[in-house]
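To start, the structure under review is shown below, and the notes come after it.
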Amino acid sequence: MAFFVPSHSRLITVVTSTVMNMTTSASVPTGPDAAPSGGTVTDRLVEANQRYAAAFSDPGMDARPVLHVAVVACMDARLDLHAALGLELGDCHTIRNAGGVVTDDVIRSLTISQRKLGTRSVVLIHHTGCGLESLTEDFRTELELEVGQRPAWAVESFRDVDQDVRQSMQRVRTSPFLQHTDDVRGFVFDVRTGLLREVDPAA
């Protein structure tokens, strides 16, 4: 499947042969020399960054995304968005949260992305097997009982992933703060096949 971003000449093609090779520790060496001196996960990440920085050179990019597109997606560790969408460093803004739902804070980021950094297209990506499908707003009550304070935020749980994508598209398209709402498309990413399936906003 492919989709075209009007503000750029490149065709973005979903690459299915590489998506399923994702791992949460691909950039971290294994074997007897893999253990960091501190022993924590954060220590391992810091050591990985030191190796990264040793070979790093400033690409000289502007802060504005090359493709003028913002991608809103779930924070699920199985989604490697750049690989799945054929994106390169500097191509897009990526906004992620639990479920990839459009919250007030996502609207905040999209507003800055559009008004100050030139993006015009919005791509919304949910996925199969999302953890929010197994939660309810009772989670907030459980937290209140545990810590003595009720969260101000909503869980934004859902049962129908397609319907939640439609709701997210509607929230973007009706926001008074966003200037560009004509190119807003929503998808469901299949974590087993790596394929995107577009959601019909009118269904």
Q. Taking only residues at least two apart or on different chains, which pairs with a member in residues 100-150 satisfy ring pair (Phe, Tyr, Trp, His ring centres under 6.0 Å)?
A. His126-Phe158
Q) Among pairs that include at least one residue of residues 168-179, which meet side chain to side chain donor-acceptor pair (under 3.5 Å), considering only residues two or more places apart or in two chains? A) Glu156-Arg171
(Q) If hydrophobic residues (ILVMFWY) are linked whenever their side-chain heavy atoms come closer than 4.5 Å, directly or via other members, who joins Leu89 in its cluster? (A) Met61
Q. Between CD of Gln50 and CG of Leu45, what distance do you get to the nearest 0.5 Å?
A. 11.5 Å
Let me check something: any side-chain donor-acceptor pairs from residues 98-109 under 3.5 Å, sequence neighbours excluded? List them with distances.
| from | atom 1 | to | atom 2 | distance (Å) |
| --- | --- | --- | --- | --- |
| Thr103 | OG1 | Asp105 | N | 3.4 |
| Thr103 | OG1 | Val106 | N | 3.3 |
| Asp105 | OD1 | Arg108 | NE | 2.6 |
| Asp105 | OD1 | Arg108 | NH2 | 3.2 |
| Ser109 | OG | Asp105 | O | 3.4 |

Q: Compare all side-chain heavy atoms of Pro201 with those of Arg185 and state whether any distance is below 4.5 angstrom.
A: no
Name every donor-acceptor pair, under 3.5 Å, that has one atom in a side chain of residues 142-155 and the other anywhere in the protein, sequence neighbours excluded.
| from | atom 1 | to | atom 2 | distance (Å) |
| --- | --- | --- | --- | --- |
| Glu144 | OE1 | Arg150 | NH1 | 3.2 |
| Arg150 | NH1 | Thr141 | OG1 | 3.2 |

Q. Is there side-chain contact between Leu87 and Leu67, with at least one heavy-atom pair below 4.5 Å?
A. yes
Q.
With a 3.5 Å distance limit and no angle check, can you tell me whether Arg115 reaches the backbone of Leu110 through a side-chain donor-acceptor pair?
A. no
Q: Indicate, with yes or no, if Leu196 and Val72 share a hydrophobic cluster defined by side-chain heavy-atom contacts under 4.5 Å among Ile, Leu, Val, Met, Phe, Trp and Tyr.
A: no
Q | Leu81 vs Thr94 side-chain heavy atoms within contact, under 4.5 Å | A | yes
Q: Taking side-chain contact (heavy atoms from CB on, under 4.5 Å) as the test, write out the residues that go with Asp160, two or more places apart.
A: Asp162, Gln163
Q. Measuring from Cys130:SG to Asp164:CG, what's the distance to the nearest 0.5 Å?
A. 8.5 Å
Q) From Ile112 CD1 over to Thr119 OG1, what is the distance, rounded to the nearest 0.5 angstrom? A) 11.0 Å
Q.
Between His93 and Ser113, is there a side-chain donor-acceptor contact under 3.5 Å, judged purely by atom types and distance?
A. yes
Q.
How long is the straight-line distance from CD1 of Ile95 back to CG of Leu124, given to the nearest 0.5 Å?
A. 9.5 Å
**Q.** Ser57: side-chain contact (heavy atoms from CB on, under 4.5 Å) partners, not counting sequence neighbours
**A.** none
Q) With a 4.5 Å limit on heavy-atom distance, are the side chains of Val165 and Val188 in contact? A) yes
Q) About how many Å separate OG1 of Thr128 and CZ of Phe189, when rounded to the nearest 0.5 Å? A) 8.0 Å
Q. Do Met75 and Asn97 touch side chain to side chain, with heavy atoms closer than 4.5 Å?
A. no
**Q.** Hphob cluster co-occupancy, Val184 + Val199, side-chain heavy atoms under 4.5 angstrom
**A.** yes
Q | Same apolar cluster: Met169 and Val161, side chain cutoff 4.5 Å | A | yes
Q.
Applying salt bridge (charged side-chain N to carboxylate O under 4.0 Å, His left out) as the test, list every pair that has at least one member in residues 125-139; sequence neighbours left out.
A. none
Q: For residues Asp76 and Arg96, report the shortest heavy-atom separation together with the two atoms involved.
A: O-NH2, 3.0 Å
Q: Mind listing the closest non-hydrogen atom pair of Pro65 and Asp91 along with its distance?
A: CB-O, 3.4 Å
Q.
Please find the pair of heavy atoms, one from Ile125 and one from Val123, that lie closest to each other, and give the distance.
A. CG1-CG1, 3.9 Å
Q) Looking only at heavy atoms, which two atoms of Gly118 and His68 are closest? And how far apart? A) O-ND1, 3.3 Å
Q. What pairs of residues pass the ring pair (Phe, Tyr, Trp, His ring centres under 6.0 Å) test when at least one of them lies in residues 39-58, not counting sequence neighbours?
A. Tyr52-Phe56
Q: Determine whether Val122 and Leu79 fall in the same hydrophobic cluster, where Ile, Leu, Val, Met, Phe, Trp and Tyr are linked whenever their side-chain heavy atoms lie under 4.5 Å apart.
A: no
Q | Ion pair Arg192/Asp190, N-O distance below 4.0 Å | A | no
